[in-house]
Asks: 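One structure follows; several queries about it will come next.
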Amino acid sequence: MSGRSTYYVTTPIYYVNDVPHIGHAYTTLACDVLARFMRLDGRDVHFLTGTDEHGQKVEKAAAAAGLAPQAFTDKVSQSFRDLVKTMNYSPDNFIRTTEPRHHAASQALWERLVTSGDIYLGKYAGWYSVRDEAYFVEGETEVGTDGKRRAVSSGAEVEWVEEPSYFFKLSAWADRLLDFYDKNPRFIAPESRRNEVISFVKGGLQDLSVSRTSFSWGVPVPGDAKHIMYVWLDALTNYITECGYPDTSNPLWKYWPADLHMVGKDIIRFHCVFWPAFLMSAGVAPPQRVFAHGWWTNEGQKISKSLGNVIDPVELVATYGLDPVRYFLLREVPFGNDGDLQRRALIGRLNGDLANAYGNLCQRVLSIVAKSAGGKVPAKGAIGEADTTLLDRGKGLLATVRTELNEQAFHRALTAIWEVIADANRYVDAQAPWALAKTDPARRDTVLWVLAETIRRVTLLVQPFMPDAAVKILDQLAVPATERAFAGFDKELVSGTALPAPQGVFPRFVEPAQDAKRGAAS
RNA sequence: GGCUGGGUAGCUCAGCUGGUUAGAGCACGGCACUCAUAAUGCCGGGGUCGGCGGUUCAAGUCCGCCCCCAGCUACCA
């Protein structure tokens, strides 16, 4: 036996020229839920996130700040490590492209590409803006009435510049990529993105410039130190750096190929076209799947720094609480679609799904147990049809959630869990344990046991989404820490186990009064 | 322009290979209950399923045309 099956999930490495925003938080959250679920499900998980710290922008920003690039990135990348704590992520490692092992891995990969004959020296040419210190493609420029060509974004004059550059023969890989997509239908998700990528590749591929000489903050090209490896070749390599590349005897190499690269929809091409081409050229297996999720808007408005409506995950968590934010982000929108972050909707989910449906279910059941059933797991008596129906719904949930998360369908997984919560609330009303207390205490206890047991199962599955809240509820059910993994899913609550006093887990969110707001403003 | 995916109750969306009176959640209205976080449950109003035409015994579900929305159409992390 080879032991537990591995599960390797990655976030993109985040570029350190920016502070973390909701987009970063969202991507990593999705990975975190998967990592936590897979661990509970007995998989041997490796969950990687990190920062991309090279490039001209970083070099310039460091200079502007009067710092050496390394000191600068040490400082800026910290905000991403802080977000890990704020959002309660559970990565197994936080990788940085400035690590020596990453330079070694990137250079090793480069050398393999050279050996494969896919690297050649040529010239990179484009419209260059001295003021912006950046290249623009033709479409990003326009010729003004004075006959001078300028960058559309900055208005700066551009000139045609050529610099020596190494190229990767991407043009030779189109057919092999299409063949790869064809044989691996799960490689790109969601489906609409898959179509886009395939049509892009079918349109023909150009060779890719993979080195620059215009700056020096990066990984030197082996054998030609004037050149720095360009952005994506360096950045993408992090996924195998982590596993020890090129040392395939590294213990972490068992995780490659990755089960899932989670990415935002803007960087799908790099992950679905360039990356598998690099890897195949180097004789390394491509990842198994890339999922491109959507973007958030803020109250219907596109998010942009210039509009000043960037969503700060730290503020969201401070206002609404961590677990409600985690829940909302993955429940509100079909994963893969764009979503709109509306405070009203968030509060609706918090009060409706969490406080009213789930929290109140726990509270109404546990308070009866505490007040009139002895404060212990109630005695399980004869189980009837209605009991079996509810219990079976809870039992079936694990398989359902497993299936949905295998497709990264977080919203459907949560919907399925909440359907059982709704069933449980209906069952409480139908069985009316408060009435049974007078007529049939034994039956009352059985009803309470069925409910507690259902809450246990539901909560085990809530753990990956809302770890803190789940702990509180499982504690109130006295579920041993050793029985919270899914191996213990069918280990029922034992009647007679002493329970702690119940306490609410999801308080309702009450909006500050409008009058108070106006009063404060005026 | 081309390609792809969409346009279904006030809002967000389900509706597999065509087949009984088109569904869910939220919101709204009424009722019930009182264990519970003024929570929960039940009932109800509300949709010419983007438009026009066609195929079929039968179309939201297939075909054609048109209108509208979004994404992609390469080197920006």
Side-chain angles (χ1 to χ4, degrees), chain A residues 12-18 51-58 124 126 132 134-137 139-140 153 165 167-168 170 190-210 212 230-235 264-270 273-274 292 294-295 331-334 336-340 342 344-345 348-349 351-373 411-412 415 418-419 421-422 424-437 444 447-448 451 502-510:
Chain A
I13 46 175
Y14 303 117
Y15 203 55
V16 294
N17 69 336
D18 199 3
T51 41
D52 178 10
E53 308 187 359
H54 290 140
Q56 190 170 28
K57 283 185 188 171
V58 171
Y124 180 77
D132 298 328
Y135 279 95
F136 295 93
V137 293
E140 293 173 325
S153 58
S165 168
F167 281 80
F168 175 77
L170 187 65
E191 202 56 31
S192 53
R193 300 298 166 192
R194 178 180 163 78
N195 294 339
E196 284 181 10
V197 169
I198 289 174
S199 84
F200 172 77
V201 174
K202 276 185 177 165
L205 296 172
Q206 300 171 17
D207 290 349
L208 205 59
S209 168
V210 289
R212 286 295 149 80
Y230 191 52
V231 285
W232 285 100
L233 182 52
D234 163 12
K265 62 183 184 181
D266 57 330
I267 56 176
I268 191 168
R269 179 173 308 146
F270 303 100
V273 181
F274 304 167
W295 292 134
R331 172 62 185 84
E332 182 69 3
V333 175
N337 292 3
D338 286 347
D340 186 31
Q342 295 182 282
R344 291 175 298 285
R349 291 288 181 195
N351 289 342
D353 296 0
L354 300 182
N356 295 352
Y358 184 31
N360 184 55
L361 171 68
C362 297
Q363 190 71 6
R364 65 195 304 209
V365 170
L366 291 172
S367 76
I368 300 176
V369 170
K371 287 179 189 166
S372 57
H411 62 295
R412 288 209 300 262
T415 300
W418 257 257
E419 278 172 8
I421 289 170
N425 270 319
R426 270 188 285 275
Y427 173 90
V428 179
D429 281 16
Q431 300 299 322
W434 52 90
L436 289 170
R444 189 273 316 267
V447 165
L448 292 175
L451 285 163
Q503 53 177 311
V505 173
F506 296 108
R508 291 178 61 82
F509 180 85
V510 182

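Letters A, B, ... mirror the listed sequences (proteins, then strands); counts begin at 1.
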Asks: Just the rounded figure in Å: distance from P of B:A77 to CG of A:Leu233.
Replies: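 Interatomic distance, CG of A:Leu233 to P of B:A77: 13 Å.
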
Asks: State, with a plain yes or no, whether a side-chain heavy atom of A:Pro433 is found less than 4.5 Å away from one of A:Val428.
Replies: yes

Asks: Could you state the CG-P distance from A:Asp338 to B:C72, rounded to the nearest angstrom?
Replies: 10 Å

Asks: Between A:Asp353 (CG) and B:U12 (P), how many Å, whole number?
Replies: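 Checked: the CG to P distance equals 17 Å.
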
Asks: Considering only atom P, compute the distance from B:G7 to B:A14 and round it to an integer number of Å.
Replies: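 Looking at atom P only, B:G7 and B:A14 are 8 Å apart.
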
Asks: From the list B:A39, B:C35, B:G41, which nucleotide is the closest neighbour of the side chain of A:Asn356?
Replies: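 Looking only at side-chain atoms, A:Asn356 lies closest to B:A39.
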
Asks: Taking the six-membered ring where the residue is Trp, are the ring centres of A:Trp232 and A:Phe274 under 6.0 Å apart?
Replies: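 No.
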
Asks: Between atom CD in A:Glu196 and atom C1' in B:A70, what is the gap in whole Å?
Replies: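 Going from A:Glu196 (CD) to B:A70 (C1'), I get 10 Å.
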
Asks: Is A:Arg508 touching bases, backbone alone, or none of the nucleic acid, heavy atoms closer than 4.0 Å?
Replies: base

Asks: Under 4.0 Å between a side-chain N/O of A:Lys202 and OP1 or OP2 of B:C3, yes or no?
Replies: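 No, because none of the side-chain N or O atoms of A:Lys202 sits under 4.0 Å from OP1 or OP2 of B:C3.
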
Asks: Locate the shortest heavy-atom distance separating A:Tyr15 from A:Val58; write the atom from each residue and the value.
Replies: OH-CG2, 3.6 Å

Asks: If we only count heavy atoms from C-beta on, is the A:Phe270 to A:Leu233 side-chain gap below 4.5 Å?
Replies: no

Asks: Taking only side-chain nitrogens and oxygens of A:Arg212, does any of them come within less than 4.0 Å of OP1 or OP2 of B:C75?
Replies: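 Checking A:Arg212 against B:C75: no side-chain N or O falls below 4.0 Å of OP1 or OP2.
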
Asks: Do the side-chain N or O atoms of A:Trp232 get closer than 4.0 angstrom to the phosphate oxygens (OP1, OP2) of B:A77?
Replies: yes

Asks: Can you identify which nucleotide, out of B:C42, B:A39, B:A36, has its nearest atom closest to the A:Lys371 side chain?
Replies: B:A36

Asks: Considering only the C1' atoms, how many Å lie between B:C42 and B:G5, rounded to the nearest integer?
Replies: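 Straight-line distance between the two C1' atoms is 40 Å.
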
Asks: Counting only side-chain heavy atoms from C-beta out, which of B:U37, B:A77, B:A74 sits nearest to A:Phe506?
Replies: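 Between B:U37, B:A77, B:A74, the one nearest the side chain of A:Phe506 would be B:U37.
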
Asks: Using both distances under 3.5 Å as the test, list the Watson-Crick or G-U wobble partner of B:C65, or none.
Replies: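 Here B:C65 is engaged in a pair, and the nucleotide opposite it is B:G51.
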
Asks: Compare the minimum distances between each of B:U37, B:A77, B:C75 and the side chain of A:Ala355, then state the nucleotide with the smallest one.
Replies: B:U37

Asks: Please give the nucleotide sitting opposite B:C72 as a Watson-Crick or G-U wobble pair, both distances under 3.5 Å, or none.
Replies: B:G2

Asks: Does A:Val505 reach a base, just sugar-phosphate, or nothing at all? Heavy atoms under 4.0 Å.
Replies: base

Asks: Applying a 3.5 Å limit to both distances, which nucleotide forms a Watson-Crick or G-U wobble pair with B:C26?
Replies: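 Partner of B:C26: B:G10.
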
Asks: Might you point out which heavy atoms bring A:Pro190 and A:Ala292 nearest each other, and give the distance in Å?
Replies: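 Shortest heavy-atom separation between A:Pro190 and A:Ala292 comes out as CD-O, 3.2 Å.
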
Asks: Check every strand shown and say whether A:Ser367 touches a base, only sugar-phosphate, or nothing at a heavy-atom separation below 4.0 Å.
Replies: sugar-phosphate

Asks: Which residue, A:Leu208 or A:Gly352, contacts RNA chain B at a nucleotide closer to its 5' end, judged by nearest heavy atom?
Replies: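 By nearest-heavy-atom nucleotide position, the 5'-most residue is A:Gly352.
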
Asks: The side chain of A:Ile368 is closest to which nucleotide in this list: B:C75, B:A77, B:C35?
Replies: B:C35

Asks: Quick one: label A:Gly359 by what it contacts on the DNA or RNA (base, sugar-phosphate, nothing), any heavy atom closer than 4.0 Å.
Replies: base

Asks: Strictly by Watson-Crick or wobble contacts shorter than 3.5 Å, is anything paired with B:C35, and which nucleotide is it?
Replies: none

Asks: Using only heavy-atom distances, decide whether a donor-acceptor pair under 3.5 angstrom links the side-chain of A:Asn360 to the base of B:A36.
Replies: yes

Asks: Using the C1' atom as the point on both nucleotides, what is the distance between B:C63 and B:U56, in whole Å?
Replies: 12 Å

Asks: Side chains of A:Asn356 and A:Arg508, heavy atoms from C-beta outward: is any pair under 4.5 Å?
Replies: yes

Asks: Find which nucleotide of RNA chain B each of A:Gln363 and A:Asn337 is nearest to by heavy atoms, and output the residue with the more 5' nucleotide.
Replies: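 Comparing both residues, the 5'-ward one is A:Asn337.
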
Asks: Determine whether A:Asp207 and A:Phe168 make a side-chain contact, defined as any pair of heavy atoms from C-beta on separated by less than 4.5 Å.
Replies: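 Side chain of A:Asp207 against side chain of A:Phe168, heavy atoms only: no contact under 4.5 Å found.
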
Asks: What does A:Asp234 touch in the nucleic acid at a heavy-atom separation under 4.0 angstrom: a base, only the sugar-phosphate, or nothing?
Replies: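 Nothing, no nucleic acid heavy atom in range.
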
Asks: Does OP1 or OP2 of B:A77 have a side-chain N or O of A:Tyr230 closer than 4.0 Å?
Replies: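 So the side chain of A:Tyr230 is within the cut-off, an N or O lying under 4.0 Å from OP1 or OP2 of B:A77.
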
Asks: Pick the C1' atom in B:C49 and in B:U21, then give their distance to the nearest Å.
Replies: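 Straight-line distance between the two C1' atoms is 16 Å.
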
Asks: Write down the distance between CD1 (A:Ile268) and P (B:U73), rounded to a whole number of angstrom.
Replies: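 The answer, rounded to whole Å, is 11 Å.
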
Asks: What interatomic distance, in whole Å, is found between C1' of B:C28 and the corresponding atom of B:C68?
Replies: 29 Å

Asks: Can you check whether A:Arg364 has a side-chain N or O nearer than 4.0 Å to OP1 or OP2 of B:U40?
Replies: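 For A:Arg364, the contact criterion (side-chain N or O under 4.0 Å from OP1 or OP2 of B:U40) is not met.
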
Asks: According to the Watson-Crick and G-U wobble definitions, with both distances under 3.5 Å, which nucleotide is paired to B:A58?
Replies: none

Asks: Which of these nucleotides, B:C42, B:A39, B:G71, is closest to any side-chain atom of A:Arg193?
Replies: B:G71

Asks: Rounding to a whole Å, what distance do you find between A:Glu419:CD and B:G41:P?
Replies: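 The answer, rounded to whole Å, is 13 Å.
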
Asks: Would you mind reading off the distance between A:His54 atom NE2 and B:C76 atom P, rounded to a whole angstrom?
Replies: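 The answer, rounded to whole Å, is 18 Å.
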
Asks: Any base atoms under 4.0 Å from A:Gly336, or only sugar-phosphate, or nothing? Heavy atoms, all strands.
Replies: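 Touches nothing.
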
Asks: Please give the distance between the P atoms of B:U55 and B:G60 as a whole number of Å.
Replies: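 Their P atoms lie roughly 16 Å apart.
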
Asks: Give A:Leu361 one of three labels, base, sugar-phosphate or nothing, depending on what nucleic acid heavy atoms sit under 4.0 Å from its own.
Replies: nothing

Asks: Between B:U48 and B:C33, how far apart are the two C1' atoms, rounded to whole Å?
Replies: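 My reading of the C1' atoms in B:U48 and B:C33 gives 41 Å.
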
Asks: Counting C-beta onward and ignoring hydrogens, is there a side-chain heavy-atom pair between A:Ser372 and A:Arg444 closer than 4.5 Å?
Replies: yes

Asks: Taking the P atom of each, how far is B:G46 from B:A24, in whole Å?
Replies: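 To the nearest whole Å, 14 Å.
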
Asks: B:C43 P sits how many Å from A:Asp429 CG, rounded?
Replies: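 My rounded result for the distance is 13 Å.
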
